[in-house]
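The block underneath contains the structure these notes are about, expressed in structure tokens.
FYI, side chains are in, hydrogens and waters are out, and symmetry mates aren't considered; it's all heavy atoms of this structure. Only a predicted model underlies this, so the values are computations on that prediction, with no experimental measurement involved. Start at 1 with the first residue, then count along the sequence.
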Amino acid sequence: SLTAARMHLSVLGYQLDRLGDAAAAVRPALTHARDNLEQGLAAARTFLFDLRPPLLDSAGLEPALRQQLAKLAERTGCKTEVTWLLEERLDRDLETVAFRVVQEALANVAKHADASTVRVWGEREGSMVVIAVADDGVGFDPQVASERADATGHLGLRSMAERIQTAGGRLELSSRPYQGTQVVLRLPE
């Protein structure tokens, strides 16, 4: 739809060019609409890329998470560490669920943690895949955060837990004020 709108604006611009001076009053509005549309298209591309980066499909979860950590380090200046003991790729749907939840956890680190170091690790524990994100940031009281989220409509932590539950796993969150935060995904393979 956005691409079609861009084409329609181009046709409209061509028609205005043919009208000459009579269209001068409309030209700024057309230019403004075209600029807004281009910004919207760029934002949509970025959004879609962030939802499911091509690297996740082509190379797997570990490289995609490393890419997310590199972006986090660039934005916040924090140090990042990865310990990845999962030797083979996971099921694609499981990788997508894990990616989205870790991505949300990293977004929370960027927004709230004021961390100097963020660690991500992945390993197997029996029949479960365990992926964790830990930071040394300011931490928080999970109960207070949950109540505040309910009151304000922020769904980040809840949506993370629901994604993991839908995949048959569970999300564990531990945090205390001034002692960092750890988010653990436990997923059956």
- Task: Evaluate whether atom CG of Asp141 has more than 12 neighbouring non-hydrogen atoms of other residues, nucleotides or ligands under 6.0 angstrom away.
- Result: yes

- Task: For the pair Glu189 and Leu90, evaluate side-chain contact (heavy atoms from CB on, under 4.5 Å) and give the outcome as yes or no after the intermediate values.
- Result: CA-CA 7 Å; Glu189 183 159 30; Leu90 306 175; 3.5 Å; yes

- Item | Which atom of Ala161 lies closest to which atom of Leu171, heavy atoms considered | N-CD2, 3.6 Å

- Shared ILVMFWY cluster between Leu94 and Trp121, side chains joined below 4.5 angstrom? no

- Query: Same cluster for Val118 and Val130 if Ile/Leu/Val/Met/Phe/Trp/Tyr side chains link at under 4.5 Å?
  - Reply: no

- Keeping the roles fixed (side chain from Ser146, backbone from Gln143), state whether a donor-acceptor pair exists under 3.5 Å. no

- State whether Glu88 and Arg124 are salt-bridged, where the test is any N-O pair (Lys NZ or Arg NE/NH1/NH2 against Asp/Glu carboxylate O) under 4.0 Å. yes

- Task: For the pair Ser58 (side chain) and Pro54 (backbone), establish whether a donor and an acceptor sit closer than 3.5 Å, ignoring hydrogens and angles.
- Result: yes

- Side-chain donor/acceptor of Asp136 to backbone N/O of Thr117, under 3.5 Å: yes

- Query: Are the side chains of Pro53 and Gln67 in touch, meaning some heavy atoms are under 4.5 Å apart?
  - Reply: yes

- Query: Taking atom CD of Gln179 and atom CZ of Phe140, what is their separation to the nearest 0.5 Å?
  - Reply: 13.0 Å

- Query: Charged N to carboxylate O under 4.0 angstrom, Asp57 versus Arg92?
  - Reply: yes

- Query: Between OG1 of Thr96 and CD of Gln103, what distance do you get to the nearest 0.5 Å?
  - Reply: 11.0 Å

- Task: Group every Ile, Leu, Val, Met, Phe, Trp and Tyr by side-chain heavy-atom contacts under 4.5 Å, then state whether Val184 and Val82 land in the same group.
- Result: no

- Heavy atoms only: give me the nearest Ala115-Val109 pair and the separation to one decimal. CB-CG1, 4.3 Å

- Message: So which atom in Ala24 and which in Pro28 form the shortest heavy-atom distance, rounded to 0.1 Å?
- Response: O-CD, 3.3 Å

- Task: Output, in order, the C-alpha distance, side-chain angles, deciding distance and verdict of side-chain contact (heavy atoms from CB on, under 4.5 Å) for Arg6 and Leu9.
- Result: CA-CA 5 Å; Arg6 180 170 52 180; Leu9 286 175; 5.7 Å; no

- Do Arg186 and Glu125 sit within salt-bridge range, that is, some charged N less than 4.0 Å from a carboxylate O? yes

- Message: Hydrophobic clusters here meaning ILVMFWY residues chained together by side-chain heavy-atom distances under 4.5 Å, can you tell me if Val97 and Leu157 are in one?
- Response: yes

- Minimal non-hydrogen separation, Gly13 against Leu30, with atom names: CA-CD2, 3.4 Å

- Following the transitive rule for hydrophobic clusters with a side-chain heavy-atom cut-off under 4.5 Å over Ile, Leu, Val, Met, Phe, Trp and Tyr, establish whether Trp84 and Leu187 coincide in one cluster. yes

- Rounded to the nearest 0.5 Å, what separation is found between the CG atom of Leu86 and the CD1 atom of Ile131? 6.0 Å

- When rounded to the nearest 0.5 angstrom, what distance separates CD in Glu95 from CZ in Arg89? 4.0 Å

- Message: With a 4.5 Å cut-off on side-chain heavy atoms, are His32 and Asp35 touching?
- Response: no

- Inspect the contact between Asp17 and Arg27 and indicate whether a charged nitrogen and a carboxylate oxygen are less than 4.0 angstrom apart. yes

- Are the side chain of Thr181 and the backbone N or O of Ser175 linked by a donor-acceptor pair below 3.5 Å? no

- Task: Give the minimum heavy-atom separation between Val183 and Met160, together with the two atoms involved.
- Result: CG1-CE, 3.8 Å

- What's the verdict on side-chain contact (heavy atoms from CB on, under 4.5 Å) for Thr80 and Val120, showing C-alpha distance, side-chain angles and the deciding distance? CA-CA 8 Å; Thr80 62; Val120 172; over 6 Å; no

- Message: For the CD atom of Glu81 and the CG atom of Leu69, what is their distance to the nearest 0.5 Å?
- Response: 10.0 Å

- Query: Can a salt bridge be assigned to the pair Arg34 and Glu38 using a cut-off of 4.0 Å between side-chain N and carboxylate O?
  - Reply: no

- Query: Where do Ala73 and Cys78 come nearest, in terms of heavy atoms and distance?
  - Reply: CB-O, 3.4 Å

- Item | Glu104 CD to Ser159 OG distance, which is reported to the nearest 0.5 Å | 5.5 Å

